[in-house]
Structures are given as C-alpha cells and as structure tokens.
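Below is one structure, written out as structure tokens; comments come after it.
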2 protein chains.
Amino acid sequence: RLKWCVVRRPRTAFTNGQVNLLESVFQVNSYPGIRLREDLAQKLELDEDRIQIWFQNRRAKFRRSFRESSLQFMQK
Amino acid sequence: RLKWCVVRRPRTAFTNGQVNLLESVFQVNSYPGIRLREDLAQKLELDEDRIQIWFQNRRAKFRRSFRESSLQFMQK
DNA sequence: TTTTAATATAATTTC
DNA sequence: GAAATTATATTAAT
C-alpha cells in the first residue's frame with residue numbers, strides 16, 4: 001500500500017572549501033541573484049537551491065549576531 | 001517534499017465471534033468464492049478483502065500443520 | 001564505551 | 001525573503 005509521506009531532505013554537509021567560497025562571496029554580496037547562485041552551484045557542485053538556503057541561513061545568522069551585539073551595547 | 005512510502009494496513013483484530021464463524025465456514029469450505037466472502041463480510045462487518053486474507057492465512061496454517069504432522073509420522 | 005546534553009546549522013514552515 | 005521553528009550532525013562531558 002502506497003501513501004504520500006512528508007520527507008525531509010537529508011542535511012547537506014558542506015565541505016570547508018565550499019563554506020570558504022560561500023563566506024567570501026557573502027562578505028561582498030549577501031543577496032546573490034540567481035545568476036551568481038547558479039554560477040556558485042556549478043563551481044561547488046551543489047544544487048542552486050542549496051546555495052539559496054545557505055544564503056538565507058547565513059543572513060539570518062548575521063542578523064541574529066547583529067541583534068545580539070546591539071542588545072549588549074544597549075545593556076551597558 | 002513528498003515521497004511514496006509503503007504503509008502497512010493496521011492489523012485487524014478479529015473478535016472471537018468473527019473467528020468462530022470463519023472457522024466453522026472453513027471446516028466445510030476452505031476456498032469460499034466471492035459470493036460467500038461478500039456474504040460473510042456483511043454478516044461480520046468486515047471488508048471482503050479481510051475475509052479473503054483470513055482464508056489465505058488459514059489455509060497456510062492448515063498446510064503447515066499438515067506438513068508438520070506428516071513429518072512427525074515419517075520420523076516414527 | 002555508551003549515553004546524554006549542548007551547539008551549530010541545514011531544512012522547513014509561516015507570514 | 002524574514003523570522004521562527006524543527007531536525008540532525010558534531011562535540012563535549014559523563
């Protein structure tokens with residue numbers, strides 16, 4: 001008997017090299033367009049949507065750290 | 001993300017009354033046709049395919065016990 | 001060694 | 001896409 005099940009994509013384990021390139025791109029452009037993402041995808045042998053999610057999460061991490069440091073500042 | 005998964009039908013728990021009637025039918029006819037199975041299904045408030053599977057399993061059990069007793073006989 | 005808890009972050013959901 | 005949440009891989013402590 002077959003049934004539709006929701007299945008999570010297995011977590012992608014980026015290599016150091018992949019993260020290094022992504023980070024260096026992030027420093028100059030944290031909102032890469034589809035063109036650049038496709039380019040990175042090909043260079044890093046990843047799917048473009050992995051790249052897109054990586055940048056979403058990276059931006060979230062940046063905003064989080066920014067908020068936390070502002071908070072520390074305000075508490076002084 | 002959706003994926004096809006094989007899902008087991010929840011095991012049917014036959015009542016004693018259901019098994020009693022099925023057993024008594026089995027004694028006189030271990031290969032009931034669709035007509036009789038539908039009839040039993042309605043009487044027992046079960047799906048006809050549950051009945052069909054029950055008879056398949058019951059015949060297998062019978063053959064198993066038959067083989068075992070033959071074996072015992074031959075070993076004597 | 002095995003188990004548990006904390007952490008980082010990938011993936012998903014909700015808006 | 002942002003924010004919030006969930007899930008999982010890794011690591012540290014036991």
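Keep in mind that what you see is a predicted model, and the values were worked out from it rather than measured. Chain letters run A, B, ... following the sequence lines, proteins first and then strands; every chain starts at 1.
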Donor-acceptor under 3.5 Å (B:Arg58 side chain, B:Ser30 main chain): no
Closest to side chain of A:Ile53, choosing from C:dT9, C:dT12, D:dA2: C:dT12
No-H, no-angle donor-acceptor pair, A:Arg8 side chain to D:dT6 base, under 3.5 Å: yes
Pair assignment for D:dA3, Watson-Crick or G-U wobble, requiring both distances under 3.5 Å: C:dT13
Earlier contact from the 5' end, DNA chain D, for A:Pro32 and A:Arg64: A:Pro32
Euclidean distance, atom CG of residue A:Asp49 to atom P of C:dA10 [Å, nearest integer]: 14 Å
Polar side-chain contact A:Arg11-C:dT9 base: donor and acceptor under 3.5 Å: yes
Value in whole Å for how far the P atom of C:dA8 lies from CG of A:Asn16: 16 Å
Flag side-chain contact, heavy atom, 4.5 Å: A:Leu46 against A:Phe14: yes
Electrostatic pair B:Asp39-B:Lys43, nearest N-O below 4.0 angstrom: yes
Any side-chain heavy-atom pair of B:Glu45 and B:Thr15 under 4.5 Å: no
Protein-nucleotide distance (A:Asn57, atom CG; C:dA10, atom P), rounded to Å: 6 Å
Whole-Å distance separating the CD atom of A:Gln52 from the P atom of C:dT12: 13 Å
Separation of C:dA10 P from A:Phe26 CZ (nearest whole Å): 12 Å
Aromatic A:Tyr31 / basic A:Arg59 pairing, under 6.0 angstrom, 45° off normal: yes
Between P of D:dA2 and CZ of A:Phe55, the distance in whole Å: 12 Å
A:Arg59 CZ - D:dA4 P separation (whole Å): 16 Å
Side chain of A:Trp54 (C-beta onward), nearest among C:dT9, C:dA11, C:dA10: C:dA10
N or O in side chain of A:Lys61 less than 4.0 angstrom from C:dA8 OP1/OP2: no
Sugar-phosphate, base or nothing in reach of A:Arg58, heavy atoms under 4.0 Å: nothing
Distance in angstrom units between A:Arg9 CZ and D:dT8 P, rounded: 14 Å
